[in-house]
Every structure is written in C-alpha cells, then in structure tokens.
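Below, all heavy atoms of this structure are taken into account, side chains as well, without hydrogens, waters or symmetry copies. Everything numeric in this text was worked out from a predicted model, so none of it was measured. Every chain is numbered from 1, with letters handed out A, B, ... down the list of sequences.
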Amino acid sequence: MPGWAQQQLFPTDKQAGQARIARVLIDSPLPQLDRLFDYRIPPLLAADARAGVRVRVPLRSAGRIADGFIVEVVESVAYTGVLSDLEAVVSSLPVLAPEVWKLARRLADRSAGNASDIIRLAVPKRQVRVEKVWLAQERSGTPAPVGATPVHTVPVSDYPEEAMVGLLSSGGRIALDAVPRVVQLPGGEWVGHWAVTLAALATQALARGGSAILAVPDYRDQSQLMAALAAVLPPDRVVHLDARQSNPDRYRSLLACLGTTPLAIVGNRSVVYAPARSLALIAVWDDGDPLHCEPLSPYVHTRDAVLLRQEQQACSVVFAGHARSTEVERLVELRWLEPVRATRVYTPKVIPTAQQSSDDKLAAVARIPTAAWREAKAALEHGPVLVQVARPGYAPRLACDSCKQSARCTVCEGPLGMKTSRSTPACQWCGALATTWHCVHCNASTFRLVGQGSVRTAEDLGRAFPGVRIIIADGDRRVLTVPASPALIIATRGAEPIADGGYRAVLLLDGERMLARESLRVGEDCLRWWANAVALAAPGATTVLVGVGGPLASAMATWRLSNYASGELADRRRLRFPPAIRVATMTGSPSTVEKAVSALTSIEGTDVLGPTEVEGGLRAIVRFDYAAGSQVASVLKAEIVRNATNRRKRIPAGEGRMTPLPTLKVRFDDTEPFVDV
DNA sequence: AAGTCCCACGTC
DNA sequence: ACGTGGGACTTC
C-alpha cells in the first residue's frame with residue numbers, strides 16, 4: 001500500500017476553470033426544501049467547490065444564507081431561472097461521501113422524511129482546530145494518526161468456516177446466532193463471545209483491504225467490542241464514531257474514516273452512516289434492542305439503514321444476537337439472510353419455575369422460589385450470582401393504603417415511587433416530591449409500597465443471604481464488570497455487568513412483571529432481556545426463570561430462540577402486524593389527516609386503521625405491504641410538503657386565542673404503532 | 001424561516 | 001391617488 005503522504009487524497013480538479021454548477025442540499029428541516037438547489041460556482045471557489053463539501057448559499061434573498069452540502073458538480077442544469085452564486089465553501093474536505101448522500105436520500109424517501117435530517121446524524125459540524133491538525137499531518141507527511149499498520153486475520157472460531165469465508169468473499173448476508181458465553185481476552189478482560197466473533201470478522205474485512213462498520217446498541221456493548229478489537233487489531237485501525245461523542249472527537253473520527261486506510265468503525269446506531277473507505281462489512285449486534293431505533297425524525301432503524309446500504313454498496317452484512325428479532329426472522333424466511341449457528345451447540349441450563357406460593361417465608365420476603373434460592377446459595381460458594389429485576393429504585397409504585405388506588409402526583413398526575421427505603425416519595429415523571437400527599441379518591445394520607453425495585457430486592461436479598469456482598473447495577477449505578485468473587489449482583493434488565501468467568505447462577509425474577517407491559521413486542525423483548533442475561537453465565541451455571549410459562553419458557557429452556565421468533569412472526573402475519581407488513585402513523589389536524597388517508601386509498605396493498613381522536617387532532621395508521629412502501633411514502637411526503645407550503649391556517653380557539661393547528665406528522669415503522677389506538 | 005410581493009382596505 | 005398592514009408564497 002502506498003504511504004500515507006503519497007496518497008493524493010483530494011486531487012485538485014482539472015476542470016476548475018470551467019463555469020460549472022453546484023447542486024446543493026440545503027441543511028434545513030423544512031420538507032419543502034428537501035431537494036437540490038443549483039448554484040453557480042464563482043471562479044474564486046472553483047478549486048474547493050467539489051461534491052461533498054460543506055457550503056454556504058444564499059436562499060431566496062441575498063441577505064439570507066443557508067448551510068448545505070454540494071452533492072454534485074455538473075455542467076448544465078434543468079432549472080431555467082437565474083442562478084445565484086455559492087456564497088462560500090466552509091471547508092474543502094468532502095465530508096459528505098457520495099454513498100452516504102445516496103443512502104440518506106433513499107432512507108428519507110422511504111420514510112417520507114428529510115435527507116438533511118439523516119445527514120445531520122452522519123456528518124458532524126466542522127471543527128476548525130481538529131481539521132487543521134489533520135491537514136497539517138497530512139501535508140507534512142509525518143505519521144498520521146491513522147497509518148496502515150498491517151492486519152493479521154483472526155479466524156472466526158466456533159462457526160462453520162465456509163460460511164464465514166463465503167460471507168466476506170461474496171458480499172453475503174447472514175443472521176448469526178451468538179454463542180451464549182463469556183470469554184477472556186489475552187489482556188485478561190472478559191467479554192461476551194459475540195464481541196470476539198465480530199472482532200474476528202473485522203480482521204478479515206480489513207485484511208482484504210475493506211472497512212468494517214460495527215453497530216452496537218449501547219456503551220456497555222461498545223466497551224466489550226472495543227476490548228475485543230484491541231486484542232486483534234492495531235490501535236490505529238480501530239475508530240470509535242457515534243453521536244454521543246463530543247463534536248471534536250466525532251469530527252476527528254470522521255476525518256479518519258475519510259482517510260485511505262480501511263478501518264474497523266465502532267459506534268451506536270448513527271455509525272451506520274460512517275463514510276467508510278471500501279466498505280466490506282457491516283455487523284449489527286442485537287438489532288432487537290430499541291436503542292437501534294433513531295428517536296429523531298425520520299426515525300430510521302439501524303437495521304433498515306444497513307439493509308439499504310448493503311443493497312447500494314454490496315458489502316457483507318451480519319446481524320448477530322442471542323434472541324432473533326422478528327424482523328431478522330422475516331429476512332431469514334425470505335432467504336434474504338442466511339441463518340448461521342455455532343458449530344457446537346451451546347445450550348445454557350435454564351429452568352423455568354412457577355412463582356412460589358406465599359406461605360414460603362423466603363418467597364414472601366424476596367419473591368424467590370425455594371429452588372432458585374437453593375441454586376443461588378450453592379452458587380454463591382463459588383462466585384457471583386446475577387439477579388435480574390424489572391425496575392430500578394425501591395418501590396416503583398405507591399398506592400393509597402385505604403382505597404388501594406394508585407398514588408398520583410399532585411402536579412402532573414404521574415405515578416409516585418420511591419428511590420430508596422428512606423427517600424421521600426416522588427413523581428416518576430416530573431420528579432416533584434410528594435411531601436404532603438393525600439389520596440385524591442379517599443383523602444387518606446398513608447400509602448403502601450407496590451412492586452419491588454432493584455434497591456428493595458437488594459435489601460431483601462441482603463436479609464436472606466446475610467454476609468454476602470451485594471452490588472446494585474441499574475441506569476443510575478452503572479457497573480460494567482464484577483470480579484469472580486462471591487457476590488449478589490442485582491441488575492435491572494439491560495444493565496447487567498459482566499462477571500469475570502461468568503455468573504455461577506442467574507435468577508430472572510420479574511418475568512411476570514416484564515410480560516405485563518402493553519406492547520406488540522413484549523414477548524420478543526423479554527426473550528432478548530433474558531437471553532442476554534443468560535449469556536453472561538459461566539459454563540454449566542443454572543439460570544432460574546421465575547414465574548413464566550408457555551412458549552417463552554420453553555424457548556428459554558430448550559434455547560431454541562429462533563423458534564419463538566418464527567412463531568411470533570407467523571402470528572403477526574395472521575394479524576397483519578409489523579414486521580409482516582409495514583406501518584405509518586399519521587397525526588395532525590382532522591383535515592390534514594383525512595386528506596392524507598384519502599390520498600392513500602388508491603394504493604394497492606394498503607389498509608387504514610382509524611382515524612381516531614387524539615389530543616389536538618386525529619391519528620390514523622396505514623398498514624401496507626412492503627411492495628407498496630415507496631408509493632405510500634411518496635404520497636405522504638407530497639401531503640407533508642403540501643401542508644407545509646400552503647400556509648398554516650389559523651383557527652380561533654374559543655376565547656379569541658389563535659392557536660396554530662398541528663400540521664401533518666408522519667412516522668414510518670414505529671415499533672409501537674398500536675399503543676393508543 | 002423569513003423577505004417580498006400583492007391586494008385590500010383606509011385616508012386625504 | 002397614495003399609504004400601509006397583513007397574509008400568501010417562494011426559496012436555485
């Protein structure tokens with residue numbers, strides 16, 4: 001590979017003298033501006049004005065300047081009006097890679113959103129200092145922060161070799177069943193087996209001269225994966241890039257990606273937009289985790305971004321997880337993804353146990369069945385024991401002691417709860433302290449505790465296991481790892497630390513409570529939470545799943561987790577629920593929603609639920625076949641643009657106050673579309 | 001979003 | 001005939 005300094009990264013344009021036209025995407029959330037605008041390139045800017053650079057352009061009137069990106073430079077343009085000149089080129093670095101632009105455009109189109117909303121996630125703001133440092137290193141030819149240290153491939157152990165080799169050589173797409181074990185890295189750290197698998201795949205991509213993008217849901221997954229990568233790749237071949245970094249760090253990582261050296265790029269959901277050089281592989285860990293769903297409009301899920309990018313760039317794709325999501329199961333059944341499982345069968349020992357009858361003392365105290373208690377006691381002789389609970393805090397809910405009605409915040413009607421046994425009850429929504437609480441139903445002023453949070457469970461278990469060290473891990477108390485010594489680790493689902501050598505036993509306590517959630521995805525979510533906890537157990541350790549029966553319990557006991565996913569998907573097909581079909585929710589004023597609904601009626605393969613009345617207007621859900629997706633999206637986008645363009649009408653709201661009616665809001669592929677319908 | 005055009009209404 | 005205020009309309 002040629003040295004860094006010899007690479008002509010950004011060659012000056014040979015045609016710089018000609019009068020050319022820049023096609024610019026304006027950085028604006030307005031749907032009516034979500035298209036390209038054409039500007040003349042003044043001679044002074046000709047050298048820098050190339051596709052991908054950030055620019056400033058006049059918009060509508062000379063005084064008003066907008067930010068944007070040059071998407072392409074062309075000789076002539078269809079627009080017949082008079083063109084304005086580019087105002088300025090912000091930086092000569094092409095930070096918006098063409099493939100990222102194409103991806104953003106298509107993702108926005110399929111969700112009736114704005115491309116610039118996606119590009120905002122993909123391209124951090126310019127950081128002059130960071131850029132200067134980077135350019136100086138680039139020009140002086142001193143060893144750049146990202147050099148080209150050779151990569152040694154590491155075999156992907158525990159999986160069939162031909163599947164793994166085929167994956168990278170032919171742009172394959174696989175759904176990988178992760179091995180439910182923890183493994184020790186050469187440096188001594190323990191990580192999930194999956195992290196080692198993804199790291200090994202990354203070495204293979206890099207050795208072939210391609211980059212690998214590795215997307216994980218949260219920081220704890222990220223730290224495991226970074227550790228696993230550090231064990232197999234030189235430090236200058238691994239880059240961390242995600243939206244949680246500070247802007248300078250993000251910009252530095254982005255520039256590293258734009259370099260010529262293939263990298264392993266690790267991050268959370270927004271990493272799928274990294275401008276990776278010679279992209280060879282995208283791997284997604286635990287795609288069912290809701291953190292993979294972008295909360296900002298247009299709400300693109302990592303999985304969808306990956307699928308489109310794979311289509312556009314023909315890279316290899318891996319979806320890895322313990323409990324397969326129904327979406328991945330659908331892709332497997334369509335043969336879009338090839339299922340790959342480990343060469344050896346690893347079946348954790350999971351014992352579903354009924355909830356204990358209340359005459360047992362321990363059950364009354366700590367809601368632990370005798371069998372589980374015995375298991376934990378024996379395991380505590382040898383090492384740490386994990387206890388998974390549903391909620392943090394002491395008591396998640398309070399209720400009136402006399403009328404049993406749930407206690408509500410006097411400020412916002414939110415539920416009251418307690419963080420510790422001694423803390424003042426507080427609202428779970430607004431945080432207001434309920435110092436002088438009175439029941440709104442019967443005016444009594446004493447309440448009782450409902451439910452058990454991690455803190456209360458810890459107290460109870462402390463009593464049941466005197467002398468045992470107790471560690472609480474939840475959203476507030478982040479614990480990444482625990483030593484191999486005996487201790488009880490009480491963790492809320494998703495916050496479980498990794499134990500050196502694995503847990504000697506795992507108790508999954510609040511299954512019933514977790515399943516009580518009103519959601520289309522409860523079953524699959526619970527399976528994922530439980531499976532991810534079970535995967536932290538030591539070989540041979542027992543997991544007790546308390547109070548859960550039926551197909552979920554048998555899926556856990558037999559560790560045939562994909563069976564559950566296929567059954568669930570079959571149900572969704574029957575009911576015409578996602579992911580068997582797609583959905584889009586429309587909310588807004590009655591007229592906008594009704595117009596949108598009627599605009600959809602002519603499309604084959606759609607049906608509309610609602611509209612129903614919601615706060616401030618109407619809400620309707622359109623269900624549609626995947627094949628109808630682009631049509632539905634373009635119809636709804638047209639409605640959104642029409643609503644935004646036709647100036648908002650105002651209606652007098654009773655007492656002469658003018659309130660603007662909400663315009664049409666559209667959300668595609670909401671994971672919980674039916675919640676308040 | 002916000003500058004600009006345009007039309008309706010008001011005043012001399 | 002001239003002024004002005006607010007809404008509609010466009011953005012290369």
Side-chain angles (χ1 to χ4, degrees), chain A residues 13 15-16 18-91 94-96 98 101-102 104-105 108-109 112-121 123 125 296-298 588-589 591-592 595-596 599 634 636-653 655-666:
Chain A
D13 210 303
Q15 302 175 316
Q18 289 182 24
R20 288 170 309 143
I21 296 162
R23 313 210 69 207
V24 173
L25 179 82
I26 308 284
D27 183 10
S28 158
L30 298 176
Q32 63 270 42
L33 300 186
D34 184 28
R35 56 201 167 90
L36 299 184
F37 290 84
D38 304 324
Y39 291 90
R40 285 193 323 225
I41 301 174
L44 269 174
L45 300 181
D48 287 338
R50 287 168 304 118
V53 299
R54 209 184 260 283
V55 289
R56 296 170 63 71
V57 292
L59 192 60
R60 182 77 184 113
S61 55
R64 192 170 162 231
I65 301 296
D67 278 332
F69 295 93
I70 298 183
V71 157
E72 56 178 338
V73 176
V74 294
E75 301 296 327
S76 65
V77 99
Y79 183 70
T80 51
V82 56
L83 298 184
S84 298
D85 282 0
L86 280 185
E87 171 80 16
V89 174
V90 174
S91 151
V95 285
L96 177 59
W101 152 246
K102 288 189 194 105
R105 182 67 273 164
D109 286 345
N114 267 356
S116 64
D117 285 338
I118 294 169
I119 286 167
R120 213 164 300 128
L121 302 171
V123 185
K125 277 192 239 112
L296 297 173
S297 172
S589 64
S591 66
T592 60
K595 276 197 190 114
S634 73
L636 289 179
K637 180 66 182 276
E639 286 297 310
I640 290 168
V641 170
R642 206 171 50 78
N643 266 295
T645 314
N646 293 356
R647 192 185 176 80
R648 278 182 213 175
K649 304 283 186 306
R650 284 158 193 276
I651 56 147
E655 284 74 51
R657 219 173 32 144
M658 305 288 265
T659 46
L661 269 180
T663 53
L664 182 65
K665 278 197 177 141
V666 173

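Within the 4.0 angstrom heavy-atom criterion, base atoms lie near Leu30(A). Contact annotation for Val82(A): backbone-only contact, meaning every heavy-atom pair under 4.0 Å involves sugar-phosphate atoms and none involves a base. Using a 4.0 Å heavy-atom criterion, one finds that Leu83(A) contacts the sugar-phosphate atoms exclusively. Contact annotation for Tyr79(A): base contact, defined as any heavy-atom pair under 4.0 Å involving a base atom. Arg35(A) comes within 4.0 angstrom of a base, heavy atoms only.
For Ile26(A) and dT10(C), the CD1 to P distance is 17 Å, given to the nearest whole Å. Atom CG in Leu59(A) sits roughly 18 Å away from atom P in dC9(C) (whole-Å rounding). If you take CG of Asp34(A) and C1' of dC12(C), they are 15 Å apart, rounded to a whole angstrom. To the nearest angstrom, C1' of dT10(C) lies 17 Å from CZ of Arg642(A). Counting to the nearest Å, the P atom of dC12(C) and the CZ atom of Arg23(A) are 14 Å from each other. Distance OH (Tyr39(A)) to P (dT11(C)): 10 Å, rounded to an integer number of Å. Note: CD1 (Ile41(A)) to C1' (dC12(C)) measures 13 Å, nearest angstrom. Rounded to an integer number of Å, the gap from Leu33(A) CG to dT10(C) C1' is 9 Å.
Heavy atoms from other residues, nucleotides or ligands lying under 6.0 Å from CG of Leu44(A) number 12 at most.
Between Ser84(A) and Pro58(A), the closest heavy-atom pair is CB-CG, 3.8 Å. Shown here for Arg35(A) and Leu25(A), the closest heavy-atom pair between the two residues is O-CD1, 4.1 Å.
With hydrogens and angles ignored, no donor-acceptor pair closer than 3.5 Å exists between the side chain of Arg60(A) and the base of dA1(B).
By the criterion of a centre-to-centre distance under 5.5 Å and near-parallel planes under 30°, the ring of Phe37(A) forms no stack with the base of dC12(C).
One finds a salt bridge joining Asp34(A) and Arg105(A) here, because a Lys/Arg side-chain nitrogen approaches an Asp/Glu carboxylate oxygen to under 4.0 Å.
With a 4.5 Å cut-off on side-chain heavy atoms, Leu45(A) and Val55(A) do not count as touching.
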